[in-house]
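Because only heavy atoms are used, hydrogens play no part in the values below, and waters and symmetry mates are left out as well, while side chains stay in. Just follow the structure's listing: the first ligand is 1, and inside any ligand the first atom is 1. When a residue number appears, it is its place in the shown sequence, counting from 1.
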Amino acid sequence: MSNWLQIVVAAPAHSSIAGPLTYQSELPLPVGSLVRVPLGKREVLGVVWEVLPDSGALLEMQTRHVAGALQGLPPLSATWRKLVQFTASYYQRSLGEVALAALPPQLRDLSNVQLARRLKRPMADTRGEQPGGRSLVLSAQQAAVLAEFDADTRPALLFGATGSGKTEVYLRAAARVLELDPAAQVLVMVPEINLTPQLQSRFEERFAHLGKERVVALHSGLTPAQRLKSWLAAHAGHARLVLGTRMAVFASMPNLRLIVVDEEHDPSYKQQEGARYSARDLAVYRAKIETEDATHAHGPCRVLLGSATPSLESWQATLAGRYQRLIMDERIGTVPSTGEEAAPYSAGPQPEPYSPPKAREPGDAGSLPTVRRVDMNHQPKHCIIAPPLLEAIAQRVARGEQSLIFLNRRGYAPVLACHDCGWKSECPHCSAFRVFHKIDRTLRCHHCGFTERVPRACPSCGNIDIAPVGRGTERLEEHLAELLAGVKRPDGEPVRIARIDADTTRLKGALESQLASVHAGEVDVLVGTQMIAKGHDFRHITLVAAINPDGALFSSDFRAPERLFSLLMQAGGRAGRDARHSGASEMWVQTFHPEHPLFAALKQHDYAGFAAQQLAEREAAGMSPFGFSALVRAEARTQEVAQGFLNAAAAQADALQLTGNGQVTAYPAVPMTIQRVADIERAQMLVESPSRAALQRFLANWQPVLFETRQQAEFKSLIRWAIDVDPIAI
Ligand code: ADP
Ligand code: ZN
Ligand code: ZN
């Protein structure tokens, strides 16, 4: 007798296969089973989504047979399937695309024999289970926050200053979940694992006592074989803790009890192609459904978001009481410890003594660095590093302390120009300039990759005097070397300057070794992009300087100030992490707008004030988190086709009255900021609504219209279109 199954297979977003396909199987297969099925001439991986009741109609149907099940693998859980289903519908993609992208690619090509070999468990560990690494005494704030977290059930946001010891809170929260239930699993997400190799070893060390391979990593830097191995360990329940990037939110973890999202504000949690999901938002959703589905067998699943500069969405959720807010505003070591095991962290809510932070002098916010705004209007013309900043850096070098100079632009100069005829190093394929890289004398387009040798003379008038305009990290490094040439370290050696950015870290292992040399004190002045501004626990940096942060103040993107504020707070957070220096640490900001409220808030380390001001603006304008939006992007050889397609689809939505009494507004299509990339014209349309549900309904109804519009003769040449729900950049 046959079993009829609805099976989900990978389907390109815009193919005719939107939902599951019907197959038959001789053996009964439970929902969630991983199977191989024929599709066209190929055999592909699929997931059993539904078992159909026997009916006469099915007998009549020409259905193909399941080729085989992946043996030895337990089925994917109901929660996992619900998460995938939600993602597909919320982000307007096909179920098959999302489901299969959430599985490790190598699963597709394994025979059952190969799979069986992979599934062999590592040898049982013979050590007794002794919790390791318990030497740290929790700070009073850490202990208080953990107790509060335990006493609540809502999603929690840990608002913890840079250096307040958030990682230790994650470690303890995870440890407790793992101790209480020998099957429990924990997911810890971080923005970019490669940037923080420190973190992975901290987790591995802390949980080494659980036995071999109980802590696994899941991110795109792994080989396909490693990724499969981690995935299988999580799926089988063997891995107790998964440390991963945004993709890890889809890890199959049958006993998931806690999800931690570190640096929850970080833009890299938003996937920027395919299904453009927010892993942070999905983490909150996942914890909710894991809890709802927590039948008899196991307890609820909590989610803990953490940041020194939370996203305004999460912050607003704490103000509205939907999320629990946990605060740590003191840096580790700046408040004398009681010395005793003052803060044992054990089961249940504990009335930990919580003393509110003492009154502070301005600029002494828990020994965060003092912020100095340098008014560039009053500095020598064309100066790159203001003289007082240069002097401060030189003093640090002489004292054997490190400085971090931050400029969010790599390369030597963003433009090369001819002053005679006005030629500029435009990219012939993009509406952008090619960046001058001096090290190999090339002009490189950072959008399409088009690279050429720097011309000897102006390509347009022959003038040999073509010159770089503006400055990137490469030029800044060179400039600093000239300015600091006479400066000596305490050991009498000349100053050592290094640079870390995407160019210096292209080779595998390069970033790790460069970071190691900073940690080892081999570098006095470190120049770099945002790569060095985030997350690192540098111990000897006492000065951080932002050279040219003004650009983002006047961006057309309403999120630009939020991103700038958080980046500067993060960068500043690299200074004075060693309590012995924290009192004297400084964050310098060079700006032509020293009175700007953003910098005023930065000076006070006043995230809450900054957030209040931004939220008021957004509320007045109906923007996130008070309103909801989606962008529809279209690409074609001409703007006319790209914009025409979007406008035609919007007109059709109007004609069909999809916007429901004006609850949803679709604005006219406009070119994207960088309108042409690699000879492709790009346009976008903003769709807004004060109601998330109304926007969702609109998008779901509009999708088929977009598909149909694309079929019209005049839009045949459209290259692609895609919907971005809750976009993070406009
Ligand atoms: P954050 O992530 O909040 O910026 P980290 O978690 O990196 O801060 O902690 C900052 C530093 O303080 C780290 O070097 C960490 O090892 C140390 N630390 C954290 N908690 C404690 C503690 N309870 N006692 C001593 N040192 C601690
Ligand atoms: Zn010229
Ligand atoms: Zn280009």
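- Contacts between M328 and ligand 1, counted as non-hydrogen atom pairs separated by less than 4.0 Å, are absent for every part of the residue.
- R240 forms no cation-pi arrangement with F207, by the criterion of a distance under 6.0 Å to the ring centre and an angle within 45° of the ring axis.
- Distances below 4.0 Å separate heavy atoms of D537 from the following atoms of ligand 1: 11 (C), 13 (C), 14 (O).
- The contact set between ligand 1 and T162, taken as ligand atoms under 4.0 Å from a residue heavy atom, comprises 4 (O).
- The side-chain hydrogen bond (donor to acceptor under 3.5 Å, both in side chains) with E635 is formed by just one residue from the set R682, R676, R720; it is R720.
- In summary, the atoms of ligand 1 found under 4.0 Å from a heavy atom of S139, numbered by their order in the structure, are 23 (N).
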*Please assess Y269 against M189 for the test side-chain contact (heavy atoms from CB on, under 4.5 Å), listing each intermediate value before the final yes or no.*
CA-CA 9 Å; Y269 283 118; M189 294 203 288; 4.1 Å; yes
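- Proximity to A161 (heavy-atom distance under 4.0 Å) selects the following atoms of ligand 1: 3 (O).
- The SG atom of C445 and the SG atom of C448 subtend an angle of 110° at the Zn ion (ligand 3), given to the nearest 10 degrees.
- Going from atom OG of S311 over to atom NZ of K270 covers 13.0 Å, rounded to the nearest 0.5 Å.
- Using a 4.0 Å cut-off between a side-chain N of Lys or Arg and a carboxylate O of Asp or Glu, R202 and D537 do not qualify as a salt bridge.
- Neither the backbone nor the side chain of R172 comes within contact range of ligand 1; no heavy atom lies under 4.0 Å.
- With ligand atoms numbered from 1 in the order given, ligand 1 contributes 22 (C), 23 (N), 24 (N) to contacts under 4.0 Å with heavy atoms of V137.
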